[in-house]
Amino acid sequence: LYMSSVAVLVAAWVRASRFDVRVAVRRRWGWAVALGAVCAGLLSFVVLRSEAATPHPHGIGLAAAVAWRGVLYGVTDGVLLSVFPILAVFAAFAGKPLLRRLRGKLAVGALALGVSLAFTAVYHLGYPEFRGELLRKPVAGDVMWSAPTLLTLNPLGAPIAHAGLHVSAVLHSYDTETFLPPHGNP
C-alpha cells in the first residue's frame, strides 16, 4: 500500500508538472549512480557501527527480506523523502533567473534540502519511537542519502543510497526498529 501510494503521488506530480523523467534520469547519471553507491557504503558503515548484530532469516527468507525490506522499501523511501521534494523544489524554480547564478542554485538547493529534511522528520514522527531524541538519526541520515540527487538533480542517486541503508540493516541488524519496518507498537 505504501509503495503504491508513493508511486501514485510521484506519477501524479510528474503528470501535473510535466516533469520530464527521461531527461532527469539521463542528467549526470554516472555521477548519480556513483555518488549513490558511495553514500550507500557510508550509510552501511553507520548501520554496522550504530546497531548490534541480530539474527536474520536464511535462504529464500533472507532473499525475500533483502528484496522487500531492503531494496523495495529503501527505494520507495528514497523517492518519497528525497527525490520527490528535491526535484519538486527545483522544478518550481525552473526557468527563473534565480537558477542562472551559482548563489541562486545554492539557495534553491538549500531550500530543496530543507524540504527533504521536513519530509523525513514528518514521516518518521509517524512512528512512536521517533518522537524524541531518536528523530535526529533519520534527519541526519537524510543529508547523506539525499546528497546524490541534490548534487546531480538525477532521481537515481538517493534511492540507491537509501536502499543501501536498508539492505545493510536487513543483513546486519534485522530486528532493528531504527532502520527497518515494521516498527514497534506504542
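Every value quoted in this text rests on a predicted model; they were computed, and no experiment measured them.
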Open item on the list: Under the criterion side-chain contact (heavy atoms from CB on, under 4.5 Å), I'd like the reasoning laid out for Ile160 against Val33: C-alpha separation, chi angles, the key distance, then a yes or no.
Closed with: CA-CA 7 Å; Ile160 291 169; Val33 170; 4.1 Å; yes

- [ ] Please lay out, stage by stage, how Ser146 and Ser116 fare under the test side chain to side chain donor-acceptor pair (under 3.5 Å).
- [x] CA-CA 8 Å; Ser146 292; Ser116 178; 3.2 Å; yes

- [ ] Go through Met144 and Leu43 one step at a time and tell me if the side-chain contact (heavy atoms from CB on, under 4.5 Å) criterion holds.
- [x] CA-CA 8 Å; Met144 187 170 303; Leu43 289 163; 3.8 Å; yes

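By the rule that hydrophobic residues join a cluster once side-chain heavy atoms approach within less than 4.5 Å of another member, Val6 and Leu9 end up as members of one cluster. The hydrophobic clustering, which links ILVMFWY residues whose side-chain heavy atoms are closer than 4.5 Å, places Leu134 and Leu165 together. Both Leu150 and Leu156 are members of a single hydrophobic cluster when ILVMFWY side chains are connected at heavy-atom separations under 4.5 Å. Hydrophobic clustering (side-chain heavy atoms under 4.5 Å, transitive across Ile, Leu, Val, Met, Phe, Trp, Tyr) groups Val47 together with Leu81. Transitive grouping of hydrophobic side chains (ILVMFWY, heavy atoms separated by less than 4.5 Å) brings Phe84 and Leu125 into a common cluster.
Annotation: side chain of Val115 is not in contact with side chain of Ile86 (no heavy-atom distance under 4.5 Å). Proximity of Leu151 to Trp31: side-chain heavy atoms (C-beta onward) are nowhere separated by under 4.5 Å. With contacts defined as side-chain heavy-atom distances shorter than 4.5 Å, the pair Asp20/Val14 does not qualify. The shortest distance between side-chain heavy atoms of Tyr123 and Phe130 does not fall below 4.5 Å. Residues Val89 and Leu113 have side chains not in contact (no heavy-atom distance under 4.5 Å, counting atoms from C-beta outward). Within the 4.5 Å cutoff, no side-chain heavy atoms of Thr149 are placed close to those of Pro155. Side-chain contact check for Trp68 versus Met3: some heavy-atom pair is nearer than 4.5 Å. Here the side chains of Trp145 and Cys39 are not in contact, with every heavy-atom distance at 4.5 Å or above.
More than 12 heavy atoms of other residues, nucleotides or ligands shown are found within 6.0 angstrom of OH on Tyr2.
Closest approach of Asn154 and Ala24 over heavy atoms only: ND2-O, 3.2 Å. Among all heavy-atom pairs drawn from His56 and Leu171, the shortest one is CD2-O, 3.1 Å. Nearest heavy-atom pair across Ala40 and Gly164 is CB-CA, 3.8 Å. Scanning both residues, Ala88 and Trp13, for their nearest heavy atoms gives CA-CZ2, 3.5 Å. Counting all heavy atoms, side chain and backbone alike, Thr152 lies closest to Ala32 at OG1-CB, 3.6 Å. Of all non-hydrogen atoms in Pro138 and Thr120, the two that sit nearest each other are O-CG2, 3.5 Å.
In summary, of the residues considered (Val71, Val75, Asp77), a side-chain contact (heavy atoms from CB on, under 4.5 Å) with Tyr73 occurs for Asp77 alone.
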Check residues 98-106 and write down every donor-acceptor pair under 3.5 Å in which the side-chain atom is one partner and the other belongs to a residue at least two apart or another chain.
none

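Expressed to the nearest 0.5 Å, how far CG of Leu111 lies from CZ of Phe93 amounts to 5.5 Å. A distance of 11.0 Å separates NE2 in His166 from OG in Ser44, rounded to the nearest 0.5 Å. Here the CD-NE2 distance, from Glu129 to His124, works out to 9.0 Å after rounding to the nearest 0.5 Å.
In terms of the salt bridge (charged side-chain N to carboxylate O under 4.0 Å, His left out) criterion, Arg27 has no residue partners (sequence neighbours excluded).
At least one donor-acceptor pair closer than 3.5 Å links the side chain of Arg26 to the backbone N or O of Arg22.
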